[in-house]
Amino acid sequence: MLDYLITLHMYKEYPGMSPGLLTDLRSASVNNDCYALSAVKVGLDRHILHASHDLHKHIVATVKNIQEFSLESTFGWESETAFPKVSAKHI
């Protein structure tokens, strides 16, 4: 759903942009790393509901690793952090 909303926003915000550039912009914005960094930056990671102890440990370790770097200077692109992915089995 978030992918769709971001795509819709970009389409409306940049009506004259070529489809290729719009696709590149959307692809750069709609990925697990961008979502994870944004969630950590605003503290949403503390509200993730799941039933997996392993996922919880991975989230805590990842957040700690991210917080050691300046998110404003790197935007996460230079980070070698592997962000956990949540699947239906974790919920």
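Within a 6.0 Å radius of NE2 in His47, more than 12 heavy atoms belonging to other residues, nucleotides or ligands are found.
Of all non-hydrogen atoms in Leu55 and Ser52, the two that sit nearest each other are N-OG, 3.0 Å.
Atoms CD and CG, from Glu13 and Leu22 in turn, are 11.5 Å apart once rounded to the nearest 0.5 Å. Taken to the nearest 0.5 Å, the CG atom of Asp24 stands 8.0 Å off from the OG atom of Ser18. In this structure, Arg46 CZ and Ile59 CD1 are separated by 12.5 Å, a value rounded to the nearest 0.5 Å.
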Could you walk me through whether Tyr14 and Leu25 pass the side chain to side chain contact (heavy atoms under 4.5 Å, CB included) test, one step at a time? CA-CA 11 Å; Tyr14 307 105; Leu25 181 61; 3.9 Å; yes
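In terms of hydrophobic clustering, with Ile, Leu, Val, Met, Phe, Trp and Tyr side chains grouped at heavy-atom distances under 4.5 Å, Leu21 and Met10 are assigned to a common cluster. Residue Tyr11 is grouped with residue Ile6 when hydrophobic side chains (ILVMFWY) are merged at heavy-atom distances under 4.5 angstrom, including chains of intermediate members.
Within the 4.5 Å cutoff, the side chain of Lys57 has heavy atoms near those of the Asp54 side chain.
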